[in-house]
Amino acid sequence: EGILRQYKTAGTNYGRPQQSDGFDFVFRHGAVKSEDTFKTSPFHFDLWFYFTLQNWVLDFGRPIAMIILPLEWFPLNKPSAGDYFHMAYNVITPFLLLKLIERSPKTLPRSMVYVSIIVFVMGASIHLVGDSVNHRLIFSGYQHHLSVRENPIIKNLKPETLIDSFELLYYYDEYLGHSMWYIPFFLILFIYFTGCFTPVEEESRMPVAALLLMGPSSLYYW
């Protein structure tokens, strides 16, 4: 009877994939899929082209749009033309980052990617508000080369606690906003590139498309 019971148990489990708990944990939560070991990693020209294009258009295009478009179209109590460029950047860039992560040859830690993108959007949005107000203050005589308390239109404010509010705005814009913006951005790129190291059968050269985008991208970040 005992032998018959063992035979039935073996027959029930026959054909089922056997995985240890450790392998199952790595498969569900790890960084590499077993079938991705020799997966090719082509250069994603479309995504990197969109990154380059939106960097030049939405970043350098902001001041140009603010100069060309009449100020009457964008009152001081409304978003400026450059603010709309910044809003587009805050939407397009996280989308491109998510698409880039989706094309990674390896399965990357999703929780870290999602949290980084959330922090990135928060930081870019904080910078958007602070930068918009600071640029609007220029029309009132605010001088960016001076500190907040040294500006003529700020140091005479009454009550003096209002100066602390403007310093808080400057802190959100230049320190907290930039930190929450750039650190997650380059962290996501770092995570992506760590997933690009896959075994290849032979040494490959950099694609011509990548060489063409290297010039404008290097000039932008320089």
Side-chain angles (χ1 to χ4, degrees), residues 50-98 100-101 111-192 216-222:
Y50 293 145
F51 270 119
T52 305
L53 182 64
Q54 64 103 20
N55 282 338
W56 280 94
V57 174
L58 299 181
D59 195 357
F60 284 95
R62 282 192 300 160
I64 297 176
M66 295 174 65
I67 294 174
I68 295 177
L69 298 179
L71 183 61
E72 293 77 15
W73 294 2
F74 307 94
L76 295 181
N77 60 344
K78 302 294 181 180
S80 66
D83 295 339
Y84 291 106
F85 277 62
H86 205 318
M87 293 177 192
Y89 175 90
N90 291 3
V91 175
I92 296 174
T93 303
F95 176 76
L96 293 177
L97 290 174
L98 285 173
L100 188 66
I101 293 298
S111 297
M112 181 178 296
V113 171
Y114 292 157
V115 170
S116 298
I117 290 181
I118 292 172
V119 176
F120 167 83
V121 174
M122 288 180 59
S125 301
I126 290 173
H127 178 267
L128 165 63
V129 176
D131 202 48
S132 176
V133 174
N134 286 333
H135 279 89
R136 293 301 190 167
L137 288 175
I138 296 177
F139 296 98
S140 301
Y142 188 84
Q143 303 178 30
H144 276 291
H145 66 281
L146 299 177
S147 65
V148 175
R149 291 187 177 272
E150 293 176 350
N151 263 271
I153 67 171
I154 300 295
K155 63 182 180 182
N156 295 325
L157 286 177
K158 300 298 180 181
E160 294 185 359
T161 52
L162 286 175
I163 302 178
D164 296 331
S165 299
F166 278 98
E167 285 187 326
L168 177 62
L169 177 66
Y170 182 83
Y171 172 80
Y172 272 119
D173 178 22
E174 297 297 332
Y175 294 98
L176 186 62
H178 278 104
S179 299
M180 295 178 65
W181 179 4
Y182 289 125
I183 293 177
F185 177 76
F186 288 105
L187 177 61
I188 293 172
L189 293 181
F190 174 78
I191 294 174
Y192 167 76
S217 296
S218 302
L219 180 62
Y220 169 80
Y221 284 106
W222 176 78

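None of these values were measured; they are calculated from a predicted model.
- Counting all heavy atoms, side chain and backbone alike, Ile126 lies closest to Gly177 at CG2-CA, 4.0 Å.
- Ring geometry, Tyr142 versus His144: the interplanar angle exceeds 60°, so the pair is classed perpendicular (tilted spans 30 to 60°).
- Panel note: side chain Ser116, backbone Met112; a donor-acceptor pair is recorded below 3.5 Å.
- The line from CD1 of Ile92 to CG of Asn55 is 10.5 Å long, rounded to the nearest 0.5 Å.
- Between Ile188 and Ile101, the closest heavy-atom pair is CG2-CD1, 4.0 Å.
- Considering every non-hydrogen atom in both Met66 and Ser80, the closest pair reads CE-OG, 4.1 Å.
- Remark: Phe74 CZ is packed, more than 12 non-hydrogen atoms of other residues, nucleotides or ligands lying under 6.0 Å away.
- The side-chain heavy atoms of Thr93 and Phe120, taken from C-beta on, include a pair separated by under 4.5 Å.
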Evaluation steps, side chain to side chain contact (heavy atoms under 4.5 Å, CB included), between Val148 and Leu169 = CA-CA 10 Å; Val148 175; Leu169 177 66; over 6 Å; no
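- More than 12 heavy-atom neighbours from other residues, nucleotides or ligands sit within 6.0 angstrom of OH on Tyr89.
- Looking only at side-chain heavy atoms (C-beta outward), Asn90 and Trp181 stay at 4.5 Å or farther from each other.
- Surrounding CE of Met87 are more than 12 heavy atoms belonging to other residues, nucleotides or ligands, all under 6.0 Å away.
- A donor-acceptor pair shorter than 3.5 Å cannot be found between the side chains of Thr161 and Asp164.
- Nearest heavy atoms, Asp173 versus His178: O-ND1, 3.0 Å.
- Screening Val133, Asp131, Leu137 against His135 for a side chain to side chain contact (heavy atoms under 4.5 Å, CB included) leaves a single residue, Asp131.
- Heavy atoms of other residues, nucleotides or ligands lying less than 6.0 angstrom from OH of Tyr171 number 12 at most.
- Between Tyr114 and Leu98, some side-chain heavy-atom pair lies under the 4.5 Å cut-off.
- Between Gly123 and Met180, the shortest heavy-atom distance links the atoms CA-CB, 3.5 Å.
- Note that NE2 of His86 is 14.5 Å distant from OH of Tyr84, once rounded to the nearest 0.5 Å.
- Atom OG of Ser132 is separated from atom NE2 of His127 by 10.5 Å, given to the nearest 0.5 angstrom.
- Leu162 CG to Asn156 CG: the interatomic distance, rounded to the nearest 0.5 Å, is 12.5 Å.
- Across Pro94 and Val121, no two heavy atoms sit closer than the pair CG-CG2, 3.6 Å.
- Distance check, rounded to the nearest 0.5 Å: CZ of Arg136 to NZ of Lys78 gives 11.0 Å.
- Between Gln143 and the options Ile153, Ile154, Asn151, a side chain to side chain contact (heavy atoms under 4.5 Å, CB included) holds for only Asn151.
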